[in-house]
Visitor: 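I am attaching a structure below and will ask some questions about it afterwards.
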Amino acid sequence: MSESKLPAGEKGGRELSLSLKKAMAILRCFTHDEPQLTLSNIVALTGIARTICYRLLSTFEEDGVIGRDESTNRYFLTTSLFEIGSGAPTISTIVKTATPHMSALSAQTHDTVLLIVENRLEATCLARIDGEFPIQQNALTVGKSWPLHVGGAPFCILSYLPVEQRERVLSKPLRAFTSHTVTDPVRIRDRIEEVRGQGYAVGNEDAIDYLVAVGTPIFGKDQQIAGALSVGGITQPYPESRIREVAAIAIQTADLITAELQAA
């Protein structure tokens, strides 16, 4: 029997590639909190033999899926994975539908607009339209992910997730990114109720210092949260009145995207 396959019948009659399962295990080691890992880190996390792990990493590196910092020998994911994933019907549909509305929203507010979706209980950026004063932050680029408890759009998604998924997020230790980050689950649950009541979330320097973002929800055909828009910029031109003004415009834009998604 081949080492790379399980016998038919052991998994519902399917043959499964063990090599592919090991490769997927390696990819899933990379997270927002641990974006760069050494070979030893990955071996410890996966339990895969070091020689096999190195061979799989070398293959990923040659194909451009994984990169390696030669000065530290740490591996990291490249945007190639996002490019592959963006061909998925759900992703391509929401990006295609949202992009023209995002451009209009950015032109109206003069701010940077992001399209964020939930992916494995994290918030991933699928599209970005820069405003008049582009935010020079690599953390906000397409393909990057953030935890759901910080920022405008990520927290908006968290607020509209099914309760079971929300509680899975809140059951784990939450990282504080700035002095404004809320990590107490009780306070987060209170804030979720506030967001659901007003229809938008505000990330005020809780993810990145000096940045404010308003998040508004987008819903799919099943009325479940499909994603969220983020509109934001530096804190100086964002008093409460400005936040409410931008939120009203962003809600209208998100509603237009929702209507098109549900009519498709």
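What's counted below: heavy atoms across the whole structure, side chains too, no hydrogens, waters or symmetry copies.
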Visitor: If we ignore hydrogens and angles and just use 3.5 Å, is the side chain of Glu205 paired with the main-chain N or O of Tyr210 as donor and acceptor?
Guide: yes

Visitor: If I compare all heavy atoms of Leu39 with all of Leu57, which pair ends up nearest, and what's the gap?
Guide: CD1-CD1, 3.7 Å

Visitor: Does the side chain of Leu170 reach to within under 4.5 Å of the side chain of Arg189, using non-hydrogen atoms?
Guide: yes

Visitor: Hey, which of Thr253, Asp255, Leu115 is the one that makes side chain to side chain contact (heavy atoms under 4.5 Å, CB included) with His101?
Guide: Thr253

Visitor: Minimum heavy-atom separation for Leu148 and Glu118, please, with both atom names.
Guide: CD1-CG, 4.4 Å

Visitor: Taking the side chain as every heavy atom from C-beta outward, state whether Asp190 and Glu193 have any pair of such atoms under 4.5 Å apart.
Guide: no

Visitor: Looking at every heavy atom in both Thr78 and Gly67, which two are closest together, and how far apart are they?
Guide: CG2-N, 3.5 Å

Visitor: I'd like to know whether Arg128 forms a side-chain contact (heavy atoms from CB on, under 4.5 Å) with Thr112, so could you lay out the CA-CA distance, the side-chain angles of the two residues, the decisive distance to 0.1 Å, and finally the verdict.
Guide: CA-CA 7 Å; Arg128 168 173 167 159; Thr112 295; 4.1 Å; yes

Visitor: Apply salt bridge (Lys or Arg N to Asp or Glu O under 4.0 Å) to Glu194 and list each qualifying residue two or more places apart in sequence or on a separate chain.
Guide: none

Visitor: Of all residues at least two apart in sequence or in a different chain, which pass the side-chain contact (heavy atoms from CB on, under 4.5 Å) check with Ser71?
Guide: Asp69

Visitor: State which residues pass side-chain hydrogen bond (donor to acceptor under 3.5 Å, both in side chains) with Thr38; sequence neighbours excluded, sorted by chain then number.
Guide: Asn41

Visitor: What pair of heavy atoms forms the shortest contact from Glu122 to Ser145, and how long is it?
Guide: OE1-CB, 3.7 Å

Visitor: Could you walk me through whether Phe76 and Ile66 pass side-chain contact (heavy atoms from CB on, under 4.5 Å), step by step?
Guide: CA-CA 6 Å; Phe76 56 89; Ile66 284 179; over 6 Å; no

Visitor: Side-chain donor-acceptor pair under 3.5 Å between Ser40 and Arg50, yes or no?
Guide: yes

Visitor: So which atom in Ala201 and which in Val195 form the shortest heavy-atom distance, rounded to 0.1 Å?
Guide: CB-CG2, 3.8 Å

Visitor: Name all residues meeting the salt bridge (Lys or Arg N to Asp or Glu O under 4.0 Å) criterion together with Arg68; count only those two or more places apart in sequence or in a different chain, and write none if there are none.
Guide: Glu61

Visitor: Compare all side-chain heavy atoms of Tyr75 with those of Leu37 and state whether any distance is below 4.5 angstrom.
Guide: no

Visitor: I want to check something: taking the side chain as every heavy atom from C-beta on, are His149 and Arg191 in contact at a cut-off of under 4.5 Å?
Guide: no

Visitor: Under the 3.5 angstrom rule, does the side chain of Asp63 hit a backbone N or O of Val65 as a donor-acceptor pair?
Guide: no

Visitor: Should Ile116 and Thr124 count as side-chain neighbours, where that means a heavy-atom distance under 4.5 Å?
Guide: no

Visitor: Could you pull out all donor-acceptor pairs under 3.5 Å where a side-chain atom in residues 211-230 meets a protein atom, sequence neighbours excluded?
Guide:
| unit_1 | atom_1 | unit_2 | atom_2 | d |
| --- | --- | --- | --- | --- |
| Thr216 | OG1 | Ala250 | O | 3.3 |
| Lys221 | NZ | Ala264 | O | 2.1 |
| Asp222 | OD1 | Gln224 | N | 3.0 |

Visitor: Between Ser103 and Ile129, which heavy-atom pair has the shortest distance, and what is it?
Guide: OG-CD1, 3.8 Å

Visitor: Just wondering, do Phe177 and Ile208 contact through their side chains at under 4.5 Å, heavy atoms?
Guide: no

Visitor: Report the C-alpha separation of Ile192 and Leu158 in whole Å, then their side-chain angles, then the decisive distance to 0.1 Å, and conclude whether the side-chain contact (heavy atoms from CB on, under 4.5 Å) test is met.
Guide: CA-CA 8 Å; Ile192 285 172; Leu158 176 65; 4.2 Å; yes

Visitor: Could you check whether any side-chain N or O of Asp206 sits under 3.5 Å from a backbone N or O of Gly151, counting only pairs where one atom can act as donor and the other as acceptor?
Guide: yes

Visitor: For residues Leu105 and Leu256: do they belong to one hydrophobic cluster (side chain heavy atoms under 4.5 Å, members Ile, Leu, Val, Met, Phe, Trp, Tyr)?
Guide: no

Visitor: Tell me whether the count of non-hydrogen atoms from other residues, nucleotides or ligands lying under 6.0 Å of OH in Tyr54 goes above 12.
Guide: no

Visitor: Looking at Arg196, I want to see if its CZ is surrounded by more than 12 non-hydrogen atoms of other residues, nucleotides or ligands under 6.0 Å.
Guide: yes

Visitor: Donor-acceptor pair, distance only, cut-off 3.5 Å: does the side chain of Thr99 make one with the backbone of Lys96?
Guide: no

Visitor: Using the side-chain hydrogen bond (donor to acceptor under 3.5 Å, both in side chains) criterion, which residues pair with His110? Sequence neighbours excluded.
Guide: Glu132

Visitor: Do Thr46 side-chain atoms and Ile42 backbone N/O form a donor-acceptor pair below 3.5 Å?
Guide: yes

Visitor: Do Tyr238 and Val246 come within less than 4.5 Å of each other through their side chains, counting heavy atoms only?
Guide: yes

